[in-house]
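Numbers here simply count residues along the sequence, with the first being 1. All of these numbers come straight from a predicted model, not from anything done at the bench.
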Amino acid sequence: TFKITVEAITVTSLSVDAAEAKTAYIGGEDFIADGIVVVATMNNGSTKTLTDDEYELTEPQLTTAGEHTVTVSYQGKTATYKVSVKVITEIDYNGAELKVAIGETVNFEGEVDVVYSDETTGTLSVDSEFLNKKLPEFKMVLGRACNVRVESKLDATVGVDIPVIIERFLQGESATI
């Protein structure tokens, strides 16, 4: 007689390869899990590449600067990978003037220079998903001073006020930066 023991195949470990995934973010961006490869190793030595509907993924908080952990779980096993987040720490408009004609409403379409928490720099459109643009809601008249405020969507204390210069242009003429 023979005794045969059948052992259930179970997951012994989980690994995640994020080489093709997005791992660098600007604070406020949406997390994207595309490109990760999750592999389960079984107790019999076989492996299984999992589809994204087979595992659970814990999304990192992408609103604070630094390194954050993404956790992938499957049948009681976990694996992790890191993503980095940089946030805007400074915004500058380089002293350019926004000129508006009398009777015009301020409309600011331009770019600002930014410094990130990792000390890199960049240029962003004021209509970027990372910035708020606050325009005065009145038509320009002589003697009325105002600013356009451009600030980080994550931290309104990080921003710049761009002065609006009212010029005596003919109606319809204006200059923008």
Side-chain angles (χ1 to χ4, degrees), residues 4-96 98 107-135 148-162 176-177:
I4 299 174
T5 303
V6 178
E7 189 175 317
I9 297 175
T10 59
V11 178
T12 57
S13 67
L14 196 64
S15 65
V16 62
D17 179 356
E20 299 298 319
K22 180 175 175 73
T23 57
Y25 291 87
I26 297 174
E29 271 187 284
D30 291 331
F31 176 73
I32 300 169
D34 297 348
I36 67 169
V37 178
V38 180
V39 177
T41 301
M42 309 303 176
N43 60 345
N44 67 356
S46 66
T47 60
K48 176 183 178 184
T49 301
L50 304 177
T51 61
D52 59 355
D53 61 338
E54 291 181 292
Y55 58 83
E56 290 183 21
L57 186 132
T58 304
E59 294 185 11
Q61 181 187 38
L62 300 178
T63 57
T64 56
E67 197 170 77
H68 300 275
T69 301
V70 178
T71 302
V72 178
S73 303
Y74 176 71
Q75 294 188 1
K77 301 299 179 187
T78 61
T80 62
Y81 70 97
K82 301 286 186 184
V83 296
S84 63
V85 178
K86 62 183 181 181
V87 297
I88 297 170
T89 57
E90 293 178 41
I91 301 173
D92 187 18
Y93 69 101
N94 291 325
L98 175 58
N107 183 17
F108 179 55
E109 297 176 2
E111 295 181 333
V112 290
D113 296 326
V114 295
V115 178
Y116 297 102
S117 52
D118 64 357
E119 299 183 6
T120 60
T121 60
T123 302
L124 292 176
S125 162
V126 295
D127 294 315
S128 159
E129 65 183 291
F130 308 110
L131 300 174
N132 284 326
K133 172 176 69 173
K134 296 182 178 179
L135 301 172
V148 171
R149 175 83 177 159
V150 178
E151 61 193 24
S152 166
K153 281 190 177 175
L154 291 180
D155 182 356
T157 64
V158 177
V160 63
D161 292 311
I162 302 170
T176 59
I177 60 171

(Q) For Asp30, is the CG atom crowded, meaning more than 12 foreign heavy atoms sit under 6.0 Å from it? (A) no
Tell me the closest heavy-atom pair linking [X] and [Y], and the distance in Å.
X      : Y      : answer
Glu54  : Thr49  : OE1-O, 4.2 Å
Val85  : Ile26  : CG1-C, 4.4 Å
Asp161 : Arg149 : OD1-CD, 2.9 Å
Ala21  : Ile36  : CB-CG2, 3.5 Å
Ile91  : Val150 : CD1-O, 3.9 Å
Ser117 : Ala65  : OG-CB, 3.3 Å

Rounded distance (nearest 0.5 Å) linking atom [atom1] of [X] with atom [atom2] of [Y]:
X      : Y      : atom1 : atom2 : value
Leu131 : Glu151 : CG    : CD    : 9.0 Å
Asp127 : Glu111 : CG    : CD    : 10.5 Å
Thr78  : Glu56  : OG1   : CD    : 11.5 Å
Tyr116 : Thr121 : OH    : OG1   : 8.5 Å
Thr71  : Leu14  : OG1   : CG    : 10.5 Å
Asp118 : Lys86  : CG    : NZ    : 5.0 Å

Q: Only one of Val38, Val11, Leu57 passes side chain to side chain contact (heavy atoms under 4.5 Å, CB included) with Tyr74; say which it is.
A: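 Exactly one pass, corresponding to Val11.
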Look only at the side chain of [X] and the backbone of [Y], and say whether a donor-acceptor pair between them is shorter than 3.5 Å.
X     : Y     : result
Tyr25 : Ile32 : yes
Thr41 : Thr12 : no
Asn43 : Thr10 : yes

**Q.** Pair Ile88-Leu124, side chain to side chain contact (heavy atoms under 4.5 Å, CB included): steps then yes or no
**A.** CA-CA 11 Å; Ile88 297 170; Leu124 292 176; 3.8 Å; yes
Q: For Val70 and Val83, run side chain to side chain contact (heavy atoms under 4.5 Å, CB included): C-alpha distance rounded to whole Å, both residues' side-chain angles, the deciding distance at 0.1 Å, then the answer.
A: CA-CA 7 Å; Val70 178; Val83 296; 3.9 Å; yes
